[in-house]
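One is the number of the first residue; the rest follow in order along the sequence. Because only heavy atoms are used, hydrogens play no part in the values below, and waters and symmetry mates are left out as well, while side chains stay in.
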Amino acid sequence: MDRAAAEGQPTGRLHGVPVLLKDVIDVAGHPTGFGSKAYAIGPAARNAPVIDRLEAEGAIILGKTTMVEFAVGSWGTNTVQGTPWNPSDATQHRVPGGSSSGAAVAVAAGFAPIAFGSDTGGSIRIPAALCGVVGYKPSFGLIPLQGAARHIHLVAAADVTPGIDNLGIHGFSPATGGRKPLSRPPNPSRAGTAPL
């Protein structure tokens, strides 16, 4: 990427920006586990279109973030994989909100400036509020849902049931330039991230 930019080749709008993904989004060659050890049924055959779009713009996919098991719950807890530590308090393990808990925690801890989550009834917005980052749920259909939550079928012959979920973004506020530095270095195991 750096060589291409140095040689004057066109770069994407997200050139070199690290991005994390909630574990409901398919990444080719990696399992999609839905925050559960029981549900990772093998590697995805192809990327979700949102990943192809991100990579076409130069984003670097770092890995997946933990989440509430099966994306059901707003506290952000996961008894199976562990609950990520809300970085707003370095001394007390506070709930991060859910179900996109790891995405909000990872952005708040400074692991990446952007993390993608999913939102049915607050799953991006609640953890963003509790972790002190921006959570954005775009209008339905702006981000393609194919390859996200591919195993949840409430309507036959549909990849994703429209209206069930919406992909969205956690990030730092451009107005404030992000959060204050943490009082101690973030611990990846507490942030709920896994490299690809």
Side-chain angles (χ1 to χ4, degrees), residues 1 12-73 76 78 80-82 84 98-107 111-125 127-128 135-171 188 191-196:
M1 292 181 122
R13 293 175 286 186
L14 296 173
H15 181 81
V17 175
V19 175
L20 289 163
L21 307 166
K22 183 177 180 178
D23 192 23
V24 296
I25 302 172
D26 287 346
V27 177
H30 299 277
T32 301
F34 296 90
S36 175
K37 292 182 179 179
Y39 214 71
I41 61 170
R46 61 185 135 319
N47 285 338
V50 67
I51 294 173
D52 294 336
R53 286 184 178 184
L54 288 166
E55 289 178 337
E57 290 295 337
I60 300 170
I61 306 300
L62 294 180
K64 291 191 175 189
T65 59
T66 193
M67 56 182 278
V68 174
E69 191 170 21
F70 303 118
V72 179
N78 185 318
V80 176
Q81 295 182 333
S99 69
S100 299
S101 51
V105 167
V107 169
F111 287 112
I114 300 171
F116 275 74
S118 63
D119 193 317
T120 301
S123 290
I124 291 170
R125 297 160 288 158
Y136 176 68
K137 179 182 177 182
S139 298
F140 183 78
L142 287 180
I143 299 175
L145 295 176
Q146 295 81 12
R150 65 185 159 104
H151 303 298
I152 299 173
H153 296 284
L154 298 181
V155 176
D159 278 341
V160 175
T161 304
I164 292 298
D165 229 339
N166 206 20
L167 294 178
I169 305 166
H170 285 97
T193 61
L196 292 177

Please name the pair of heavy atoms, one in [X] and one in [Y], separated by the smallest distance, quoted to 0.1 Å.
{"X": "Thr120", "Y": "Lys137", "value": "O-NZ, 3.7 Å"}
{"X": "Pro138", "Y": "Ile143", "value": "CG-CD1, 3.7 Å"}
{"X": "Ala48", "Y": "Ile25", "value": "CB-CG2, 3.8 Å"}
{"X": "Ser118", "Y": "Ile124", "value": "O-CG1, 3.5 Å"}
{"X": "Val27", "Y": "Ala44", "value": "O-CB, 3.6 Å"}
{"X": "Ser99", "Y": "Lys22", "value": "OG-NZ, 2.7 Å"}

Going by the side-chain contact (heavy atoms from CB on, under 4.5 Å) test, name the single residue among Thr65, Asn78, Val105 that passes it with Pro84.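 With Pro84 as partner, Thr65, Asn78, Val105 yield a single side-chain contact (heavy atoms from CB on, under 4.5 Å), made by Val105.
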
Between Lys64 and Thr32, a side-chain donor and acceptor under 3.5 Å: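 Judged by distance alone, the side chains do pair up.
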
Name each donor-acceptor pair under 3.5 Å that joins a side chain in residues 51-63 to protein atoms two or more places apart or in another chain, with its distance.
{"from": "Asp52", "atom 1": "OD1", "to": "Asn47", "atom 2": "ND2", "distance (Å)": "3.1"}
{"from": "Glu57", "atom 1": "OE1", "to": "Arg13", "atom 2": "N", "distance (Å)": "2.8"}
{"from": "Glu57", "atom 1": "OE1", "to": "Arg13", "atom 2": "NE", "distance (Å)": "3.3"}
{"from": "Glu57", "atom 1": "OE2", "to": "Arg13", "atom 2": "NH2", "distance (Å)": "3.1"}

Check side chain to side chain contact (heavy atoms under 4.5 Å, CB included) between Val72 and all other residues, then give those that pass, not counting sequence neighbours.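 Partners of Val72 under the side chain to side chain contact (heavy atoms under 4.5 Å, CB included) test: Phe70.
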
Determine whether Asp119 and Ser100 make a side-chain contact, defined as any pair of heavy atoms from C-beta on separated by less than 4.5 Å.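 SC-SC contact between Asp119 and Ser100 ruled out.
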
Atom CG of Asp23 and atom CZ of Phe34: how far apart are they, to the nearest 0.5 Å?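 Taking CG in Asp23 and CZ in Phe34, the distance rounds to 7.5 Å.
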
Spacing of Glu69 atom CD and Gln81 atom CD [to the nearest 0.5 Å]: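 Rounded to the nearest 0.5 Å, the CD-CD separation comes out at 7.5 Å.
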
